[in-house]
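Data block below; observations after.
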Amino acid sequence: MRKFRPEIQLLRAIAVLAVVVYHIQPSWLPGGFVGVDVFFVISGYLITAHMLKEVESTGRLSLSQFWANRARRILPAATLAIVVTSIVSLFVLPSTQLVDATKQGIASALYIQNFLLANQSVDYLGQDAAPSPFQHFWSLSVEEQFYVVWPLLVVLALWATRRLQNRGRHSADIFRHRFRFIAFVLFTVVCLASFVWSVVSVGANDPASYFITPTRVWELGIGGLLACVLGDPQRFNGARKVMAIVGVVAIGVACVTYSGEAPAFPGASALLPTLGAAAVIAAGSTTGLGSLGPIINWKPVQLVGLWSYSLYLWHFPV
């Protein structure tokens with residue numbers, strides 16, 4: 001399997017540009033907020049693929065090492081953004097907003113910003129609300145909470161697989177397929193529960209449903225499910241080219257046609273951008289006429305994808 005997936009950098013570039021444009025001027029791209037949902041699918045896919053590979057190559061998953069690696073990868077840049085934004089806020093924000101900004105800065109550092117916003121029932125999609133410079137950390141909080149829980153499902157799948165293995169001697173291939181199947185089943189149960197929660201919560205017009213992790217886990221889980229079944233696709237180049245184009249178009253349609261008022265979000269509406277992102281990942285690298293390869297490999301696209309995390313961290317406070 002390839003270690004580097006340039007098509008994922010394309011998705012990151014699309015996602016971060018959509019979010020940035022939406023935050024600059026929502027009327028330019030009224031559904032640009034779905035870029036966050038694209039990020040969720042990417043994160044779910046990459047982190048699950050990494051864990052599955054570790055289990056299959058070593059026979060175990062070190063939770064402490066996993067969480068330490070996540071912290072080293074994410075915390076330095078995020079902490080710098082929080083500290084700098086906190087200092088600048090003292091000089092540029094009205095005094096009436098400083099108390100709330102301080103609370104949100106602390107919540108962002110602890111990665112519980114999404115639940116603070118949910119508790120305040122902030123309408124993230126409302127254009128009249130005065131946002132905090134830390135408000136965008138809600139999505140990073142969802143991801144970090146996902147990284148705490150999701151590996152436990154992988155450990156549970158590994159435990160169940162070993163229990164079955166003890167009943168007889170099996171080859172490494174049988175172990176791998178059985179482990180992935182059990183993981184897939186566990187992931188599916190969690191994703192279905194999260195999706196139903198999301199649909200019901202959005203249907204009840206609960207503004208907290210936009211932020212809370214239980215209504216969002218299924219989006220990251222789509223990437224996890226994909227990691228269970230996807231290798232490095234090589235066959236059916238023509239069909240995969242169509243899949244990639246359809247995926248990008250689906251994300252684009254959501255960016256253009258969605259808005260802060262309609263449709264209700266996330267709920268079932270989030271299926272369009274999330275499945276679109278999954279389609280691009282599943283399509284993999286394609287070649288020939290109609291392939292997205294030239295766009296994917298275009299240096300500016302790869303650079304924006306590479307810088308996407310930093311762009312997301314800094315664009316909103318700026």
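With hydrogens and angles disregarded, no donor-acceptor distance shorter than 3.5 Å links the side chain of Asp37 to the backbone of Glu219. The main-chain N or O of Pro317 is never found under 3.5 Å from a side-chain atom of Thr85 such that the two would form a donor-acceptor pair. Without hydrogens or angle criteria, Arg240 side chain to Ala283 main chain gives a donor-acceptor distance under 3.5 Å. Put simply, the side chain of His136 gets close to the backbone of Leu313: a donor and an acceptor are under 3.5 Å apart. Although no hydrogens or angles enter the test, the distance criterion places no donor-acceptor pair under 3.5 Å between the side chain of Asp206 and the main chain of Val202. Judged purely by atom type and a 3.5 angstrom limit, Ser57 uses its side chain to pair as donor or acceptor with the backbone of Glu54. In this structure a side-chain-to-backbone donor-acceptor pair under 3.5 Å is missing from Tyr22 to Val34. A distance-only check finds a donor-acceptor pair linking the side chain of Thr274 to the backbone of Leu271 [under 3.5 Å]. Remark: the backbone N or O of Leu46 is not paired with any side-chain donor or acceptor of His50 at under 3.5 angstrom.
Following chains of ILVMFWY side-chain contacts shorter than 4.5 Å, one can reach Leu153 starting from Ile47, so the two form part of one hydrophobic cluster. The cluster map of Ile, Leu, Val, Met, Phe, Trp and Tyr, joined by side-chain heavy atoms under 4.5 Å apart, puts Leu17 and Val249 in the same cluster. Hydrophobic clustering of Ile, Leu, Val, Met, Phe, Trp and Tyr side chains at less than 4.5 Å, counting indirect connections, unites Ile24 with Tyr312. In the hydrophobic clustering of ILVMFWY residues, with side-chain heavy atoms under 4.5 Å counting as a link, Leu292 and Val242 come out apart. Grouping the Ile, Leu, Val, Met, Phe, Trp and Tyr side chains by contacts below 4.5 angstrom, directly or via other members, places Leu75 with Trp67.
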Worksheet item: Should Val217 and Val149 be marked as a side-chain contact (heavy atoms from CB on, under 4.5 Å) after you check the CA-CA gap, both sets of side-chain angles, and the distance that decides it?
Response: CA-CA 10 Å; Val217 163; Val149 176; over 6 Å; no
Discussion item. Would Phe265 and Phe33 count as a ring-ring contact (aromatic ring centres under 6.0 Å, His included) here? Give the steps.
Written reply: CA-CA 10 Å; Phe265 207 84; Phe33 56 86; 5.1 Å; yes
Discussion item. Working note: Glu56 + Lys53, criterion salt bridge (charged side-chain N to carboxylate O under 4.0 Å, His left out); need CA distance, chi angles, decisive distance, verdict.
Written reply: CA-CA 5 Å; Glu56 291 164 358; Lys53 183 179 180 181; over 6 Å; no
Discussion item. Test side-chain contact (heavy atoms from CB on, under 4.5 Å) on Arg12 and Ile42; report intermediate values, then the result.
Written reply: CA-CA 8 Å; Arg12 284 175 170 152; Ile42 296 170; 3.8 Å; yes
Discussion item. One pair to check against side-chain contact (heavy atoms from CB on, under 4.5 Å): Leu11 and Glu7. What are the steps and the verdict?
Written reply: CA-CA 7 Å; Leu11 283 177; Glu7 60 275 12; over 6 Å; no
Item to complete: Test Thr215 against Ser194 for side-chain contact (heavy atoms from CB on, under 4.5 Å), laying out the working first.
Response: CA-CA 5 Å; Thr215 62; Ser194 172; 5.6 Å; no
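Remark: Trp197 CH2 is loosely packed, at most 12 non-hydrogen atoms of other residues, nucleotides or ligands lying under 6.0 Å away.
With hydrogens and angles left out, the side-chain atoms of Ser132 and Asp100 include no donor and acceptor closer than 3.5 Å. Looking at Gln104 and Gln113, their side chains do bring a donor and an acceptor atom within 3.5 Å of each other. Using a 3.5 Å distance cut-off with no hydrogens or angles, the side chains of Gln145 and Thr213 do pair a donor with an acceptor. Side-chain contact check for Arg73 and Tyr309: no donor-acceptor pair (N or O, by modelled atom type) lies under 3.5 Å.
One distance of note links CZ of Phe40 with CH2 of Trp218; it measures 11.0 Å at 0.5 Å rounding. To the nearest 0.5 Å, the span separating CG on Asn69 from CD1 on Ile74 amounts to 10.5 Å. Note that SG of Cys191 is 9.0 Å distant from CG of Leu220, once rounded to the nearest 0.5 Å. With rounding to the nearest 0.5 Å, the separation of CG in Leu98 from CG in Leu90 is 6.0 Å. One distance of note links CG of Asn297 with CD of Gln9; it measures 11.0 Å at 0.5 Å rounding. Rounding to the nearest 0.5 angstrom, the gap separating the CG atom in Asn237 from the OG atom in Ser291 is 7.0 Å.
No side-chain heavy atom of Phe39 sits less than 4.5 Å from a side-chain heavy atom of Leu140. Ile106 has its side chain within reach of Thr102: a pair of non-hydrogen atoms, C-beta onward, lies under 4.5 Å apart. For the pair Gln25 and Val21, the minimum side-chain heavy-atom distance is 4.5 Å or more. Side chains of Thr188 and Phe184 form a contact here, defined as non-hydrogen atoms less than 4.5 Å apart. Proximity of Leu80 to Trp314: side-chain heavy atoms (C-beta onward) are separated by under 4.5 Å at one or more points. Residues Ile296 and Ser285 have side chains not in contact (no heavy-atom distance under 4.5 Å, counting atoms from C-beta outward). Contact annotation: the side chain of Leu29 approaches that of Cys255 to within less than 4.5 Å [non-hydrogen atoms, C-beta and beyond]. Contact of the Pro300 side chain with the Val304 side chain is not registered, since no non-hydrogen atoms from C-beta on lie closer than 4.5 Å.
For the residue pair Phe137 and Ala81, the shortest heavy atom distance occurs at CZ-CB, 4.5 Å. Considering every non-hydrogen atom in both Asn114 and Tyr111, the closest pair reads OD1-O, 4.4 Å. Smallest separation of non-hydrogen atoms from Pro6 and Gln302: O-NE2, 3.2 Å. Nearest heavy atoms, Thr161 versus Phe179: OG1-CA, 3.3 Å. Between Ser43 and Glu143, the closest heavy-atom pair is OG-OE1, 3.0 Å. Between Ala278 and Leu226 the shortest heavy-atom distance is O-CD2, 3.6 Å.
Taking the six-membered ring for Trp and the full ring otherwise, Phe187 and Trp150 have centroids separated by under 6.0 Å.
Judged by a 6.0 Å distance limit and a 45° cone about the ring axis, Arg216 is positioned over the six-membered ring of Tyr210.
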